[in-house]
Amino acid sequence: MTRLEKNESKIILFSGSKGGCGCSFAASCVSAYLARKTNKNVLLLDLNIGKKDSRIIFNIEGRDVRDLGDIEDIVSELDVSILRRLVVNFDSSLNLILPSLKIEKNKIFCGKNLEVLLDVLGNNFDIVCIDFPYYLLVHNELDLIEYVDKFIIVSLADFISVSNLNLLVDGICCNDFSYNLDVVINKFNIKPSISPSRLSSILNYPVKAFIPYDRDIELLFLNKGPFPIFNYNLRIIRSIADLSERVYEDLNYGA
Ligand SMILES: Nc1ncnc2c1ncn2[C@@H]1O[C@H](COP(=O)(O)OP(=O)(O)OP(=O)(O)O)[C@@H](O)[C@H]1O
Ligand SMILES: [Mg+2]
């Protein structure tokens with residue numbers, strides 16, 4: 001881990017309009033893609049406290065790894081040596097910070113702890129992708145807007161999800177259309193869903209990417225993680241790769 005100029009590092013926050021919409025799927029696939037295809041040092045910060053998803057997907061369940069719960073009392077003392085012991089590294093320059101499995105170990109959301117953590121991470125990684133549970137977006141104390149370079153909001157294409165999506169996005173950008181926020185419609189090919197053309201009339205925001213559902217890719221992802229999915233030339237993979245490339249361009253490295 002090398003220290004970076006603060007403004008060189010970028011924070012991308014992934015959230016969803018509904019549970020199970022594919023927020024974690026999108027966050028880990030885009031992180032894996034960026035880690036493999038760019039020369040950037042990418043960190044995936046999983047904030048889903050009490051959930052095992054990343055441990056299972058990245059095949060580290062049962063391994064004795066540290067998580068956010070282990071540093072919750074020493075966030076203000078965080079330094080590179082603590083970070084080294086907290087972060088799980090993978091071959092392809094992807095790094096991962098795991099959430100605590102105990103729901104009571106949630107001090108990371110207290111006071112300024114999350115901001116302090118993001119500052120330290122921003123000094124040590126080029127790109128920080130946060131898998132951010134949508135219910136935390138209503139947590140007023142988090143002044144995230146200052147920290148986040150791009151929001152990616154994932155939604156299914158059904159009427160309730162899309163209605164909630166409008167509400168959520170309005171809440172984040174307060175009608176400021178210059179805001180760096182992308183809407184991603186996931187599993188649009190699964191019924192009941194609204195057609196892409198009708199969606200654009202209901203949605204107040206343009207859609208950055210439409211990602212289809214693919215059962216074989218879900219199985220591969222759940223069993224082997226996000227890396228091997230990029231070996232397949234399928235529509236779902238092309239749309240994830242394209243989204244990742246465009247997100248990367250928007251981060252304006254070197255601009
Ligand atoms: N486009 C897709 N194609 C195939 N499988 C997908 C796709 N999107 C998501 N999945 C799968 O759907 C399931 C739910 O997705 P995921 O866990 O990412 O949703 P989430 O929004 O993070 O849910 P939670 O509210 O639990 O955090 C997972 O098994 C995931 O692998
Ligand atoms: Mg999730």
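Whatever order the structure lists them in is the order used to number ligands and atoms, beginning at 1.
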Taking 4.0 angstrom as the limit, do K187 and D214 come out as a salt bridge? no
Which one holds for I217 and ligand 1: side chain close, backbone close, both close, or neither close, with close meaning a heavy atom under 4.0 Å? neither
Just to confirm my output: which protein heavy-atom neighbour is closest to atom 25 (O) of ligand 1, and how far is it? G20 N, 2.9 Å
Take D149 and N180, measure what side chain to side chain donor-acceptor pair (under 3.5 Å) needs, and give me the verdict at the end. CA-CA 7 Å; D149 295 285; N180 207 342; over 6 Å; no
To atom 4 (C) of ligand 1, the nearest of Y213, Y135, F210 on a heavy-atom basis is Y213
For atom 24 (P) of ligand 1, which of the options K187, E218, R215, K51 provides the nearest non-hydrogen atom? K51
To the nearest 0.5 Å, how far apart are CD1 in I190 and CG in D158? 10.5 Å
Cation-pi check for Y134 against K18: NZ or CZ below 6.0 Å from the six-membered ring centre and within 45 degrees of the axis, yes or no? no
Location of contacts on V154 toward ligand 1, heavy atoms closer than 4.0 Å: neither
Give me the nearest non-hydrogen protein atom to atom 31 (O) of ligand 1 as residue plus atom name, then the distance to 0.1 Å. F221 CD2, 3.4 Å
Tell me, which protein residue and heavy-atom name are nearest atom 17 (O) of ligand 1, and how many Å apart are they? D53 OD2, 4.1 Å
Could you check which of P212, S15, G22 puts a non-hydrogen atom nearest to atom 16 (P) of ligand 1? G22
Closest to atom 1 (N) of ligand 1 (heavy atoms only, candidates D131, N186, N48, V184) is N186
Has S24 got an N/O/S atom less than 2.8 Å from the Mg ion (ligand 2)? yes
May I ask you to identify the nearest protein heavy atom to atom 18 (O) of ligand 1, giving residue, atom name and distance to one decimal place in Å? F25 N, 2.8 Å
